[in-house]
Each structure stands twice: as structure tokens, then as C-alpha cells.
S.K.: 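Sharing a structure, written as C-alpha cells. Questions coming.
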Number of protein chains: 4
Amino acid sequence: MLKVGLIGAGRIGKVHAAAITRHSGSELAGVADAIEDNAAALAAEYKTSMMSTEEILSNADISAVLIASSTDTHCDLIEAAAAAGKAILCEKPVDLSLQRAKACLSRVADCNVPVMMGFNRRFDPNFAALQSAVAAGEVGQSELLSITSLDPAPPPVEYIKVSGGLFRDMMIHDFDMANFVMGGLPATVSAVGSCMVDPAIGQEGDVDTAVATLTYTDGRIAVIKNSRRAAYGYDQRLELFGSKGMLRVENVNENTVVKATADGINSARPMHFFLERYMPAYAIEWAAFVEAVESGGQVPVTLADGVAALAMAEAATQSAHSAQPVSINDLL
Amino acid sequence: MLKVGLIGAGRIGKVHAAAITRHSGSELAGVADAIEDNAAALAAEYKTSMMSTEEILSNADISAVLIASSTDTHCDLIEAAAAAGKAILCEKPVDLSLQRAKACLSRVADCNVPVMMGFNRRFDPNFAALQSAVAAGEVGQSELLSITSLDPAPPPVEYIKVSGGLFRDMMIHDFDMANFVMGGLPATVSAVGSCMVDPAIGQEGDVDTAVATLTYTDGRIAVIKNSRRAAYGYDQRLELFGSKGMLRVENVNENTVVKATADGINSARPMHFFLERYMPAYAIEWAAFVEAVESGGQVPVTLADGVAALAMAEAATQSAHSAQPVSINDLL
Amino acid sequence: MLKVGLIGAGRIGKVHAAAITRHSGSELAGVADAIEDNAAALAAEYKTSMMSTEEILSNADISAVLIASSTDTHCDLIEAAAAAGKAILCEKPVDLSLQRAKACLSRVADCNVPVMMGFNRRFDPNFAALQSAVAAGEVGQSELLSITSLDPAPPPVEYIKVSGGLFRDMMIHDFDMANFVMGGLPATVSAVGSCMVDPAIGQEGDVDTAVATLTYTDGRIAVIKNSRRAAYGYDQRLELFGSKGMLRVENVNENTVVKATADGINSARPMHFFLERYMPAYAIEWAAFVEAVESGGQVPVTLADGVAALAMAEAATQSAHSAQPVSINDLL
Amino acid sequence: MLKVGLIGAGRIGKVHAAAITRHSGSELAGVADAIEDNAAALAAEYKTSMMSTEEILSNADISAVLIASSTDTHCDLIEAAAAAGKAILCEKPVDLSLQRAKACLSRVADCNVPVMMGFNRRFDPNFAALQSAVAAGEVGQSELLSITSLDPAPPPVEYIKVSGGLFRDMMIHDFDMANFVMGGLPATVSAVGSCMVDPAIGQEGDVDTAVATLTYTDGRIAVIKNSRRAAYGYDQRLELFGSKGMLRVENVNENTVVKATADGINSARPMHFFLERYMPAYAIEWAAFVEAVESGGQVPVTLADGVAALAMAEAATQSAHSAQPVSINDLL
């Protein structure tokens, strides 16, 4: 039984608390949060203890931590937990600063603890099935990847201000997905972005609509489309074109009801947002972490993967300003 | 070059005139209609001659006739044209009277001319592909057939009065489709019907909503659903369940545009009615007739097929009144 | 907190144990099973007590029972639990004997306890959404209902022998669904059935392929298709045709991955069987029961509903033998 | 009756000959081709005259020409036909040289004859319906456009050599489509391309896999994906994301048959290539030309549209080499 300390009792912390508890091989041993009331409430709900972060890290019974606190604490917590010998699952992104993230990667390199990044979409059964099929060569050699990724509605500007910008906050998921499906990093990243959805986002210097193009040394190309708004719901699709065909992930819809009337044929919208769409993925992600920790195997998403996605976000941010392609090697 | 006389210049006659003209192996040599103005107009449009039916039948240059006149003239015309040695394509149904149709079949048996019935749906590329796949055993042994067949809107009551009733006028197409897909006739027909769409139809003693169940001697079962009204358009679907899977024909929609908004995902309706949906089928049907006539081969839908479908319609009409299954053998 | 005794620790009992445990308002207080090892194992898994049925029924702390034992025990247990004042959720069917079921309904009528039947499909989010839309008049007046319901593979003959036959064991779900969507009982039931899938089923006097037609006093018609085998998986669909359009529930597929190759466009199969497809429905069903019990409201599926569906199954069984429609009123 | 001279009797010329003949308002008055046998055969098929280009242009009865000859003859023929006062429908592209095309545009500017470019996809009923819906604001303000356009298989290298390269030969259709849907020209074009499909294409200095990104002065973005190969057939899709939703054109498939087996759910592939997919579009295009000529109205696709698309192709070609965005204004 893996005893787990949860650091961060906010929205995503609650999702993880449920996953930890429902998994037959793990147990929620303590909950910490910068806001004590949050920690207390979540601990009460799961009949476990509220702890400080320090108590979690120093508790010898706790062998794993799940870091779901604010982004600016991730690197410090990863380093401290690694030093304390804990297995770590950390929410994305590693940090907003690529430099800080690289330093963190370097520091924990020798700690010999599993450090997994929470790129939940890799564990979505649809994306996972597609990636397996691609890897198995079901459509031959990969040639062209297209990712469509739109949020249902933009976040508040207060969120935008601390988000690191669309490329680091939102498209980072798609960069990781590209790495997952393509099996490695691109050579260059080009990006364009604009503010079409909410002028307040533009006033913060950020974009809400963006396209990135990735090129690979072997000629493959990937395209990522992002928007902070899709009136019809969370749009999460992917197409991989290969020499023998195409593999596609469609949206997961709210239900399978179809209504045919004089107005046309109407079917349900995509599930509203990530908590709905990716709820199964969080449980599968957690199970993969537990399995890796217990078996001593490699975690399926490494801290280096987190740094790689961040480097691509950094490259895209630079490219959107300079209108030049940015080489990933120059950043890593 | 097959020279063709067209008897009947109404709505469906016009469809056939176009098919005859566009086919590189046939030529519209004359047009007859009980209403002379109709014949004259259609003949002018295709730069051919208006003729009387007698002129068509006695014209030695004309080797084929297409009978698209009113139902009550079909048998007389088939018999006369067969006696005149013409190849015949006749619109469905053979007649409203099963007895008359059987007499016609018997009379032309010795004429040794091709007589083909215009069950256009067999030539729809979708239904034809399904039938081929079934016949090729792609889903193993057939077990259960389900036909969904709804018109977009009921015809005027004046039409209903002379139609022979829903089973002879509308479901007869589905009976023929069942024979096409199942490769033969059922043993029994049971039917229920009611008047849900237009009370005026009920006042004429007819139904507008009906279900027929067919049983086969080897245990197979078929179900046909009909309604005179589908607010969303012409609904023409079929599912064949077999030992190794299921084959289905979906509707053909007006276009492939999809609109996703806060109200859901909206796609186009089925093509409105038979002239839209089955326009390609009429051309293919005509080509099959020309091919059979020119090659001396068997026509793909025989007069006996027309009598068989009519017998099933008769059986369904009886069953809807008696609430008893009716044996097809008792009628043929 | 609703304390619940679970009677029956087999496959479906385990599903319910999970639902009871995961619901924040209920608690699994004890598990009984005719096979003690089963009860012990399930009790251990959920850290609760193994009990005898008698202990559950006499335990004052337990206010609800979930009956998931073999069908032949359902009526006795409902009557005993009702006499003991427990709220009851009983798996379908009430009994294989309509007479026994009616007696049970009569006996518990005065007990004033909630008795809910476990027709899980009513709680499937797709069917529930369709029923709501129908009830809200979104497609006008209902006219024609079509239910397609195929199992992926036939059960062992040992199961068939005690199942009561296809109509009581399998189609009973569809009869209840028809009642749910149509908002009441039909006037007559006609059915045909045959043995197409497994000759051993036929040797037991049962059918594995069947169609039932229901007529309603107001002219509506419903059709149900059943087969014990669908090579492509559990096929659970429904179409309701109304005066203003059509509402349809499509299958829930294993994933949303589409593969396009030279062989065509391939998408995932329907979820394999009821445990996969209806897992969310079991949790929603349980929540509806808890809500009804705690609020003192009406349970959403009554014992009378269970008797009604059984009467339709009885009617279908008779009709399949007699080839005559059977009146439901004659059975109730 | 519009009398039409057809210049070019190759594959696409034959398509136009059929459209001209079938239209009730136009007549094929003569056919010219650099290869006399081709002209003679097509003229014979349509019972019209073989002519030289000069005979067509000097024939006073012929008031319109359809230019379907090789690309390098387009500008000369447009200029000659315009000087001869003929209405002109010319196949795309105007020329491979942007400079030559601009000169042509300038030269015919004063001729006061209708000159229409044959961008057939604008007349595809699906793309046309989408464009109408976008223009009507059905999804609010346009923000992001994505075009997916893959050929089923690469052309022979001999074709590649004279094609002007992927951007001028293939993506030019998509550039025009972007202009059609977005209602105007982009500010910049960026493109990347590589050779993934056929090394022989790369040896000619061309690419077979490419992505272009277009930016607009108001912040809108468009992405175009091209490949010379899609094993599953001609992939012609488009998505337009707007402030109130998304509009999409799906592929048109060969039929609507679906096969469900243990291997999954299989549906038909997209229609194989442009002659299949866009056959209806050619007839509609021709009708639009006839309508514009006869009414004296504006042709729906102008020579300037042809120059614009060519400028975008030129920009993409330059960008793929320089890895810099190219401004369209600098080219026009």
C-alpha cells in the first residue's frame, strides 16, 4: 500500500485525492495546502490528516507525494521531496521559467527517485490508444500531425497574468502530446498568435488564439491549433497522417443522443472541460504512477518530458514575437 | 443503340427520359401520355417525337418501352408491349390487384421478352453495395433484417384514395428490398398499422404508420417500419444482422457541413425525398436494363419479383385487418 | 448515512457494493450470500461484515437492502425485507412466474416501504436524456418506437435453462425501456422468435433471435429486436419517431479513435457488454434510490413496473408460441 | 443559347465538355487541342466540330471559350480570347509565373469580357454551404481556419517537373479556398515543406508534405495542410472556428454502408479523387459561368482571384526556402 501525501488541496488536488483513494494500492496519508482550511476540508472528506508540507516530507511512512500546488512552488517541492526520497507525481508545468526547470532537472538527477509529470492527456484512453496504434505502425511511417485544442471559455484575466502565457499554460499540453505521439522532440518551433477572444488578454500581452508549427529533422511536420474559446465545448482532437493512413481521436461527447428534426440532425456537444473529459485519465495516470513506483520501473512521463514541453513553449513564445522559427536545441 | 418509347410523361417519366437520353447506348425515340400536352412538352424538350401508345408499340424501330403511366394501365401495357415483342421496363407496382398481376405474369410468360420492374432502390449504390456484401458473406449468415423507411410528408388524400393503401403503395418498396437482401421470399407476413399522421388518411380506411414482421422458413426474421411523415426528411435505412456482424445503410444527407455551437453539433438532414435520394439509382437502373437487353441476359428485377412484392403487400394489408400472420404461399 | 445490507455477492452484487460504497450518503453495512465464501470475500474487500440474510433483515441499524441474489429468491426476500421495514432495491426480474410476482406486489402493497426494481438502463445517461427529451415534447407526439438490443454472445446453456427464456431474461429490459419511453403499457404484444445462434438454445425450447411488436390503444407502435449474439459487441440503441422528428440513442463505443486506411474508415466497437456500458448507470441508479429513500419520495422504478415488464415478457412468450397477439390487460 | 469553344480535350476538358453539353443554356460548338486526335475524338463524342484555336477565336457564333489546355498556354489564350471578345472560363492556375499572370491581368483589364477562373472547389455544394454560413455569421466572427487537403497518391515525376511545385500546383486550391472562406487575402504566408512520400519528388527540388500558416491584419489565422498521399483516399476537409462556434466540411464518402464486425465499425472511404468528389462542382461552376455571362453579372471567381492565389503560392514557395514569413503585399 503506497502511502501518499498530497500537497495542494485546490480543484486539481481534489481530483487527485479521489484517484489516490479509489486506487486499491494507494492511500491518502495526509493533505497539505497553503490555505489551511482547504487542507482541513479535504482531509476531513477523506478521513485523513491535515499536515504541513514539512510534516509530509519528513514522515517516514509516506513514500510518495503528489504536488498539486501553485506552479511557482513546483521546483522547490520537487527538489525537497526528491531529497527526502519520496516518489513524486507533479502537476504540469514544471515551472514558468525554463532555466529554473532545467536547474531542477539537474538537481534531482542524482536523487534516484521516480519523478513523474502530470501530463494527464497521455492517459486519456483515446489518445493512449492512438499513440499505441501509431507506435505499432498501424498507419505506417508518421508524416504529419495535427492537434486541435480549444478551451470552452477563457480564464479570468487574473489567471492569465500569472499563467506564463498561452504557450506555457495551455499549448504546453499539446507540445507534450506531440512529443508523445511523435516519439521525440521537434527541431524547430514556429508560432503565431493573436488576441481574438478577449481584449483584456491582449492588454496583458498574451494571445488567445494561436498556431504552432513544429518541424522534425526527418521531415515530419506537426501543427497545433489553440483557442481559449470554443462555444460548443472543450475541443480536443488529434490527427496523425502516416504513409499507410490516418489515425484520429475525436471528441468525447456528453451523450449519444441524436435529435433529427426539420432543423437538421443534432448531437451532443463535447464534454465541457478537462475535469469532465479527462476524469478517467486522472485515475489511469495515478495507476500508472503507482505501478511504476511499486515495480521500480520507469515512470511513463518524466521530469525531462516536462522540461522538453516547457522548452517548446518557450520557443513558441519567442517565435510568436520574432516571427522566426526557434531551434529547440538552442534552448535545451 | 436501343431505341426506346416512353409511355407516361409525368414526374417519374421525366426522370426516365433524362436517364434514357444520357445513356450512350439508348435513345428516346418517342413519348406518349394520356395527356397530350405532357407528351408534347417532354418530346420537345428532348427533341423527339410525341407518339400515341399504339404508335410506339407498332413502331418497328422501337425495341424497348418504358412504362411510367398510371398504375391501372401497367398490366395492359405490359401485355401489349410483350405481344409486340418489346423489351419492357415498368414502374412499380405491377397492379393494385394481386390477381390481375398474376394473370399478367402468366400471360407474358411465353412472350420471351425481357420484362423488368422498376424497383429503383435496388440500384441505389448504398443498398446495392450492402446486398453485395451480404451475398458475399461479409457478415456471415443473415439472421435479422430491419428496414426503416419514412417519407418526409404524407401525400394528398386524393393520392391516398387511389394508392391501394400504404402496404401496396409505400411498403411495397421495402418488401422488394427485403426480397433483394434476403435473397428470397418470407414464409409469413404480419403487420400492424395505425393512423397517427393525418386523420384524413384514416377516414379513407388507410394507415400512415405501420410495422410489418416477416418470418422465413429457416428462422430468419425481418422487420419493416413505415411512416408517411418524417419531419427531418426521407429516412431510408437498413440493417442486416448476421452471424459475423452487421451491415447498415445510413441515409444520404444533403451535404457534409457540420455546425458546432452552444446548441450542439448540427449536421444536414437526409436528402428530401426519392427524386433527390434516388436520382443516381434511376440512371443505374436504366443502364442495367440496357445491359440486360443488349446482352440477352436476365433482367435484374423480374416481373415475378413485382408480383412477389405485391403478394407481400396484400398479405400485410390482410394481416393488419385480421391481426393474424398471413402465409405468402397461400397468395402465390 | 443510509446503512445497506447487500444480499447476493455475485457479479452484479459486486457492482452494487462498489456503488453503495462510493456514494457519500450510503454505507455497506453487511454482505450475505448463499455461498459463504463469496460473502466473506466481498465483505473483506469493503471492510464490512459478512452476515446471514436473517441478520441483515433483523439488524435495526440497516435500513435498506439490495437484493442481488438469484431470481427465484427475489419475491421471498422482497416480502421478508418489506415486512422488516427495509427500503428495497431488487435486481430484475421480480420472478419468472408472473403469478408469483403479482402475489408479491399484492403482499407488499401495505408495507409502506420503498421497493425499487433495478432496471438499470433507465439510468443510463443516454437513455435518460432521450426519455426526458421525449417527455418534453422535443419531437412532438410519439408515434413509433424501435429498440435494438443485442448481446455480444449467448450465455452458456446452463444459464439458458434457468433463465425463463429470452423474453423474460433479456427482452424484459427492453419491455421496461418501452414503458419508460412510451410512458405506459401497450395494449397488445406480438412476438416471433427463432434459434439462429446456438442450436443448444433451441434444444432447450428457447429462442435466441426475436422480434416483438407492441401496439398501444392510441395507435402508437413499438418494435423490439433481440439477438443473443452481435459479433461487434453489445448493441443497445433506440429510436423514437414523433410528429416533429426523431430521437435516437447511439451505442457507446470503446474509444473515439478512427483509423482511415486503404481498407476504409474504422472506428471502435460498442463497449463489450452491460458491465462496461452500464457501469455509470448503476451508480446513478443507486443515487436515485438513496435520494428517494432519504427524501421519502417515490422510487423511480416501482415493483409494479417490474410486474408490468414481466407481464409483457409472458405475453411475448405466449405470442411466440401461438402466433397471436396477446392482450396485456388479460395478464394483469 | 451560349455557344462555347473548348480549348483542351484532355482529362479535365472532357469533364467540361460534359458540363457544357448537359447545361440547357449552353452548347459545345467546337473543340480544339494541341493533339488533333484528342480534339477529333471528343468532338465526335459530342457530335460537334473539331476546330483550331484560331477558328474558335475567330468564329463569330462562339461567344465563350473554356480554356482547359496546358498551364503554359493559359495567359496567351486568355489574352487572345479577351481580345476576341469572348467570355472566358480558364482552368487554374493562371500561370506558374506570378509576373506573367499579373501582366495578363493588366492586359485584359480593359477588354470588358468576363474572365472566370476555374477554382472548382468553391462550387462544391459542401464548401459553398459552409462559406454561405460563415458569411451569414452563423458562427459569429471568424477567428481560425484549418484546411486539410491530401491527394490520394502522388502524380508521376514527369508531372511534378512541370507543375511549378506543390504550392503552385496543389495548395493553390487551398489558398483560393482560404480567400473564399475568409473573404479576402492574408497579410503574410509562412510555409514549411518536406519530402516524405516519394524521394523522386525531392530530387526535383519539390516537396510532397507541407503546411502553410496565413496571418490576417485583423488577427485571424489560417492553416493549410497538404500531402500528396492519403492511403484512404482524397481528403478534403475544412474547419472554420468563429466566436460562436465552428463550421466544418467533412469528406464525401463512396457510400453510406457501415459494416460492424469483431474488427470494429467500418465505413466507406472518401471518394477517390477530384473527378469523383468534385464532379457535381464542375456542373455548378459551369452553370454559374453561364448565368454570369448571360446576365451580364460579375463572375464568381475572377482572374484577380487567380492571381491572388498564385501570389500566395509564390509566397509559400519563398517561405519554405527562407523560413521567413512572406508579405503578400510585397508580391502584388
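Note that this is a predicted model, so its numbers are computed, not measured. We use all heavy atoms of the structure for the numbers below, so side chains are in, but hydrogens, waters and symmetry mates are not. Chain letters run A, B, ... following the sequence lines, proteins first and then strands; every chain starts at 1.
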S.K.: Please indicate whether D:Lys92 has more than 12 foreign heavy atoms, meaning atoms of other residues, nucleotides or ligands, lying under 6.0 Å from its NZ.
M.R.: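 More than 12 heavy atoms, drawn from other residues, nucleotides or ligands, come within 6.0 Å of this atom.
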S.K.: Between D:Leu238, D:Thr261, D:Val257, who has the most heavy-atom pairs with chain B when the cutoff is under 4.5 Å?
M.R.: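 Between D:Leu238, D:Thr261, D:Val257, the count favours D:Val257.
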S.K.: Is D:Lys244 close to chain B through its backbone or its side chain, or both, or neither, when contacts mean heavy atoms under 4.5 Å?
M.R.: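 For D:Lys244, backbone heavy atoms alone lie under 4.5 Å from chain B.
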S.K.: Among the options B:Val258, B:Leu130, B:Asp263, B:Asn255, pick out the one with the most heavy-atom pairs lying under 4.5 Å from chain D.
M.R.: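 Of the candidates given, the most pairs with chain D belong to B:Val258.
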S.K.: To the nearest 0.5 Å, tell me how far D:Lys259 NZ sits from B:Leu240 CG.
M.R.: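 With rounding to 0.5 Å, NZ (D:Lys259) is 12.5 Å from CG (B:Leu240).
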S.K.: Given that the side chain runs from C-beta out, which part of B:Glu138 has a heavy atom under 4.5 Å from chain D: side chain, backbone, both or neither?
M.R.: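 Both parts, heavy atoms under 4.5 Å.
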S.K.: Taking the side chain as every heavy atom from C-beta outward, state whether B:Asn251 and D:Thr256 have any atom pair closer than 4.5 Å.
M.R.: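 They are not in contact (no side-chain heavy atoms under 4.5 Å apart), so the answer is no.
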S.K.: Only pairs of heavy atoms separated by less than 4.5 Å count here; which of B:Asp124, B:Ile265, B:Asn126 has the most with chain D?
M.R.: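 Most heavy-atom pairs within the cutoff with chain D belong to B:Asn126.
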S.K.: Among D:Glu250, D:Glu239, D:Arg248, which residue has the highest count of heavy-atom pairs closer than 4.5 Å to chain B?
M.R.: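 The option with the most such pairs is D:Arg248.
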S.K.: Which atoms of B:Val139 are under 4.5 Å from chain D, going by heavy atoms: the side chain, the backbone, both sets, or neither?
M.R.: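 Side chain only.
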S.K.: Decide if atom CD of B:Gln141 counts as having more than 12 heavy atoms of other residues, nucleotides or ligands within a radius under 6.0 Å.
M.R.: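 Not more than 12 within 6.0 Å, no.
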